[in-house]
Amino acid sequence: MTDHSTGEFVTPISTAPKAAGMFRQMRTEVEAALETALDGLDLPSDDLGIEEPPEDVAAVLASSVAYRLASDVGAPPPAVATDLADELDSDDLEYVDAVETQGPYVNFLPSEAYFAGTLEAAQSEDFGTLEDRETSVVIEHTSANPTGPVHVGRARNPIIGDALARVLEYAGYDVDPHYYVNDAGRQIAVFTWAYETFDESDLPDPERDSPEYEMVRYYRTGNDILEDADPDRVAAAEDEVQSILEGLEAGDEATYERVNEVVDTVLSGMSATLERLPAEFDEFVKETHFMRDGSTDDLVARLTELDEAVYEDDAWQLDLPDFEKNLVFLRSDGTSLYTTRDLAHHEWKFANYDRAVTVLGEDHKLQAEQLTATLDLLDNDTSQLSQVFYSWVDLPEGGMSTREGTGVDLDDLLDEAIDRARQEVKDRLDDRTRDDDITDDDIERIAHQVGIGAVRYDIVSKQPTKGITFEWERALDFEAQSAPYVQYVHARCCGILDEARGSPATDDLDVALLDTDAERGLLRAIARFPAVIEQSADELRPHVVATYTRTLAERFNVFYRECPVLDADAETRRARLALVDAARHTVANALDAVGVAAPASM
RNA sequence: GGGCGUGUGGCCUAGUGGACCAGGGUGAGGGGUUCCUAACCCCUAGAUCGCGGGUUCGAAUCCCGCCGCGCCCGCCA
């Protein structure tokens with residue numbers, strides 16, 4: 001669902017089953033009870049002031065509504081809170097044990113049913129998966145021009161995009177990740193010309209034995225020529241580039257085949273790199289598709305009919321009301337532009353999906369706003385479209401560029417991450433207290449999970465709008481707030497459960513056995529997980545899940561220190577094993593939601 | 001010049017109106033393993049939340065102005 005005033009996803013009133021979380025159920029219950037109580041006192045109930053109290057408060061939920069009501073009622077906030085608490089009857093509430101006041105706050109304390117329900121729900125492998133929203137979402141991300149190796153400067157896009165796709169999937173959406181391939185722009189025409197013009201023997205050796213590294217040599221050489229060569233040579237090259245662009249526009253099959261060979265070759269190498277993250281796509285949608293099927297022509301025809309359409313300097317443009325610059329949609333030579341084709345692309349998305357989400361670099365912001373405004377003029381429901389922007393990863397010395405060959409290749413970063421993780425595993429082998437067998441295969445597996453996980457986590461855990469300056473040491477720090485910290489918790493859970501194989505079943509438990517602060521704290525963290533998924537999906541902010549994994553891991557580590565599992569008496573042991581299993585599912589799924597592997601051992 | 005974004009201890013970061021005069025991490029100093037993996041845990045020191053006004057019972061959070069940094073303002077993508 002979408003709030004049409006903000007364009008943001010909003011959640012329908014919950015009718016959630018237990019698997020979707022006690023926290024959400026309790027919140028729904030508290031909201032309803034508060035509303036009834038306020039109505040009963042003849043007070044406005046439009047703002048319930050529900051919030052999560054700080055850590056040292058026993059309540060799971062609280063309301064600060066008494067502050068706002070104080071002037072209406074003519075009494076100080078604590079007195080209003082007391083009246084409200086008297087009006088609320090916790091006997092009617094399943095997940096609320098008691099309603100208490102603390103100064104101006106009305107606090108809702110969790111019941112045994114809350115903890116029992118959490119323990120039971122998190123036994124399920126799919127804990128955190130929300131109810132099906134029966135809504136299809138196309139998430140477009142990465143969409144980097146197929147001109148060369150994927151570098152770290154654009155690595156934020158596949159990592160955020162893939163995490164977002166995963167979070168939306170958990171949140172009950174039917175998600176298709178797409179990569180939109182620019183195979184019709186000027187850069188690709190230049191590339192095609194360069195590929196057909198230069199002889200491989202004149203090019204430097206490729207940095208890697210992979211198609212995109214081999215191909216980018218042509219692209220870079222071509223751009224060098226266009227910048228520096230003598231005017232006659234440049235003019236001849238420009239003629240060829242122009243004829244390729246016009247051939248594509250005219251739907252010429254031979255031109256399309258020539259371009260396609262370059263595009264598909266480079267793309268195959270790029271997608272192999274992206275799969276390492278992993279970031280995978282249901283579809284690679286090509287720009288030329290929307291030229292070949294006539295939809296771009298159709299769109300141009302409709303654009304020229306708009307009141308905002310103007311024909312200036314031999315080019316068709318749109319005088320958009322809220323923008324300083326006109327949007328040119330047809331060049332004076334009759335060819336279309338990126339945005340023109342992207343408009344057709346978006347109408348295609350609208351026709352095939354309920355929602356569209358695009359992950360874009362901040363440099364595309366103006367273009368994206370003009371795109372939305374234009375789609376609106378063409379009578380599309382643009383509330384279906386959400387855009388998530390991120391800022392570039394720069395090097396200390398500046399930005400990264402494929403054309404100029406400046407920057408760190410993502411392949412190199414991942415290789416280095418794996419190498420360092422492997423070294424770390426080996427270094428730790430000697431002082432291992434656990435007497436399990438670590439094979440060479442295990443070392444390799446752990447090195448990959450930890451190395452790549454650390455890179456992903458470092459990026460996904462930060463707000464996308466904040467700038468990042470890439471530094472090797474920081475990106476590959478396994479000690480800091482990082483993937484390994486959370487992954488280690490998963491490995492610990494697996495270690496305990498592994499030792500306990502063959503123990504009595506963990507169903508039909510009395511949650512009262514788990515009554516220490518450490519156990520309750522862990523259960524409370526677990527209970528929130530589905531609500532975290534929901535919030536992350538509603539706000540399209542995967543980093544909130546990453547932040548959550550850290551809190552969850554901290555709670556587990558407290559439990560791990562305070563509460564022996566295997567050596568506890570039989571009933572406590574059984575209950576704690578259930579809790580460890582619940583924690584394992586929660587950590588595993590939370591990591592999965594941001595695309596970080598959960599190692600069974602480390 | 002205009003628009004958008006961003007500014008939180010030395011460094012990185014959470015929190016974007018309410019119990020937080022700010023929570024983590026890292027770096028610095030100290031401590032913990034006969035016990036389920038120490039990639040862990042605990043303690044100490046370190047912050048006028050860029051600066052100045054304003055709104056509010058209440059501001060890191062909202063508004064206005066200023067400053068630094070990033071991005072954009074192409075018949076490129």
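Just so you know, these numbers come straight off a predicted model, no measurement behind them. By convention in this document, chain letters (A, B, ...) are assigned in the order of the sequence lines, proteins followed by strands, and residues within each chain are numbered from 1.
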Requested in this report: Have a look at A:C563 and say if it touches a base, only the backbone sugar-phosphate, or nothing, with a 4.0 Å heavy-atom cut-off.
Outcome: base
Query raised in the report: Within this structure, what is the NZ-to-C1' distance between A:K462 and B:G5, rounded to whole angstrom?
Result: 18 Å
Query raised in the report: Using atom P of each nucleotide, how far apart are B:G27 and B:C11 to the nearest Å?
Result: 16 Å
Query - Donor-acceptor pair (no angle test) under 3.5 Å: A:S332 side chain, B:C75 base - result: yes
Query raised in the report: A:A62 has a side chain; which of B:A19, B:A38, B:A77 sits nearest to it?
Result: B:A19
Query raised in the report: Expressed in whole Å, how much space separates the C1' atoms belonging to B:G10 and B:A28?
Result: 10 Å
Query raised in the report: Counting side-chain heavy atoms from C-beta on, which of B:G70, B:C40, B:C20 comes nearest to A:E362?
Result: B:G70
Requested in this report: Give a yes/no answer on whether the side chain of A:Y485 brings an N or O atom under 4.0 Å of OP1 or OP2 in B:C41.
Outcome: yes
Query raised in the report: OP1 or OP2 of B:G32 less than 4.0 angstrom from a side-chain nitrogen or oxygen of A:R561, does that happen here?
Result: no
Query raised in the report: Would you call A:R420-A:E473 a salt bridge at under 4.0 Å N-O?
Result: yes
Query raised in the report: Do the rings of A:F556 and A:Y560 sit parallel, tilted or perpendicular, given the 30° and 60° boundaries?
Result: tilted
**Report entry** Close side-chain approach of A:E479 and A:P484, heavy atoms under 4.5 Å
**Finding:** no
Query - Rounded distance in Å between the P positions of B:G7 and B:A60 - result: 15 Å
Query raised in the report: For A:K466 and B:C69, what is the distance between atoms NZ and C1' respectively, to the nearest whole Å?
Result: 13 Å
Requested in this report: For the pair A:Y338 and A:H364, name the ring-plane relationship: parallel under 30°, tilted 30 to 60°, perpendicular over 60°.
Outcome: perpendicular
**Report entry** Atom-to-atom span, CD of A:Q481 to C1' of B:A39 - whole angstrom
**Finding:** 15 Å
Report task. Remember a base hit wins even if backbone is also touched, and classify A:A70 as base, sugar-phosphate or nothing at under 4.0 Å, heavy atoms. Result -> nothing
Report task. For the side chain of A:H543, starting at C-beta, report the closest nucleotide among B:C42, B:A14, B:C40. Result -> B:A14
Requested in this report: Give A:Q317 one of three labels, base, sugar-phosphate or nothing, depending on what nucleic acid heavy atoms sit under 4.0 Å from its own.
Outcome: nothing
Report summary line: Of B:C36, B:A39, B:C71, the nucleotide closest to the side chain of A:D363 is B:C71
Report summary line: From CD1 of A:I496 across to P of B:C36 the rounded distance in Å is 10 Å
Requested in this report: Indicate, with a heavy-atom threshold strictly under 4.0 Å, whether A:S64 touches base, sugar-phosphate, or nothing.
Outcome: base
Report task. State, without any angle test, whether A:T465 and A:E362 hold a side-chain donor-acceptor pair at a distance under 3.5 Å. Result -> no
Query - A:R474 side-chain proximity, nearest of B:A39, B:C11, B:A77 - result: B:C11
Query - Any A:Y560 side-chain nitrogen or oxygen under 4.0 Å from OP1 or OP2 of B:A38 - result: yes
Report summary line: Ranking A:L566 and A:Q102 by the position along RNA chain B of their nearest nucleotide, the one closer to 5' is A:Q102
**Report entry** OP1 or OP2 of B:A77 under 4.0 Å from side-chain N/O of A:N145
**Finding:** no
Query - Mate of B:G1 where both pairing distances stay under 3.5 Å, Watson-Crick or G-U - result: B:C73
Query raised in the report: Contact class for A:R341 (heavy atom, under 4.0 Å): base, sugar-phosphate, or nothing?
Result: sugar-phosphate
**Report entry** Interatomic distance, A:K365 NZ vs B:C72 P [rounded to whole Å]
**Finding:** 13 Å
Report task. Please state whether the base of B:A39 and the side chain of A:D477 form at least one donor-acceptor pair under 3.5 Å? Result -> no
Query raised in the report: What interatomic distance, in whole Å, is found between P of B:G24 and the corresponding atom of B:U44?
Result: 11 Å
Query raised in the report: Under 3.5 Å, side chain of A:T192 to main-chain N/O of A:I188, donor-acceptor pair present?
Result: yes
Requested in this report: Between B:A39, B:G15, B:A77, spot the one nearest the side chain of A:H364, thanks.
Outcome: B:A77
Query - Between B:G25 and B:G15 - C1' atom distance, rounded Å - result: 15 Å
Query - Whole-Å gap separating P (B:C12) and CD (A:E473) - result: 16 Å
Query raised in the report: B:G24, B:A14, B:A19: which one has an atom nearest the side-chain heavy atoms of A:T547?
Result: B:A14
Query raised in the report: Do you know which of A:R445, A:E424, A:R422, A:M602 makes side-chain contact (heavy atoms from CB on, under 4.5 Å) with A:V450?
Result: A:M602
Requested in this report: Ignoring the backbone of A:R428, work out which of B:C40, B:G15, B:A39 is nearest its side chain.
Outcome: B:A39
Query - Sugar-phosphate only, base, or nothing, as touched by A:V558 at under 4.0 Å among non-hydrogen atoms - result: nothing
Report task. Would you kindly give the OH-to-P distance between A:Y67 and B:C57, to the nearest whole Å? Result -> 14 Å
Requested in this report: Would you mind classifying the nucleic acid contact of A:D427 as base, sugar-phosphate or nothing, using non-hydrogen atoms under 4.0 angstrom?
Outcome: nothing
Query - Any donor-acceptor N/O pair under 3.5 Å between B:G2 base and A:E324 side chain - result: no
Query - Pairwise C1' distance for B:C62 and B:C49, with rounding to whole Å - result: 16 Å
Report summary line: Under a 3.5 Å limit on both distances, the Watson-Crick or wobble mate of B:A28 is B:U44
Report task. Using Watson-Crick or G-U wobble geometry with both distances below 3.5 Å, tell me the partner of B:G58, or none. Result -> none
Query raised in the report: When the C1' atoms of B:A14 and B:G9 are considered, how many whole Å apart are they?
Result: 15 Å
Query raised in the report: Where the side chain of A:V565 is concerned, which of B:C36, B:A39, B:C76 is the nearest nucleotide?
Result: B:C36
**Report entry** N or O in side chain of A:Q463 less than 4.0 angstrom from B:U6 OP1/OP2
**Finding:** no
Report task. Remember a base hit wins even if backbone is also touched, and classify A:I446 as base, sugar-phosphate or nothing at under 4.0 Å, heavy atoms. Result -> base
Query raised in the report: How far, in whole Å, is B:G2 from B:G65 if one measures between their P atoms?
Result: 11 Å
Report task. Grab the CD1-P distance between A:I459 and B:U13 for me, whole Å please. Result -> 13 Å
Query raised in the report: Nearest to the side chain of A:V328 - B:C36, B:C71, B:C75?
Result: B:C75
Report task. Using a 4.0 Å heavy-atom cut-off across all strands, classify A:V425 as base, sugar-phosphate, or nothing. Result -> base
Query raised in the report: RNA chain B: A:M602 or A:L366, which has the more 5' nearest nucleotide?
Result: A:M602
**Report entry** Centroid separation A:Y180 to A:H345 less than 6.0 Å
**Finding:** yes
Query raised in the report: In terms of side-chain geometry, is the basic nitrogen of A:R68 or A:D72 positioned less than 4.0 Å from the acidic oxygen of its partner?
Result: no
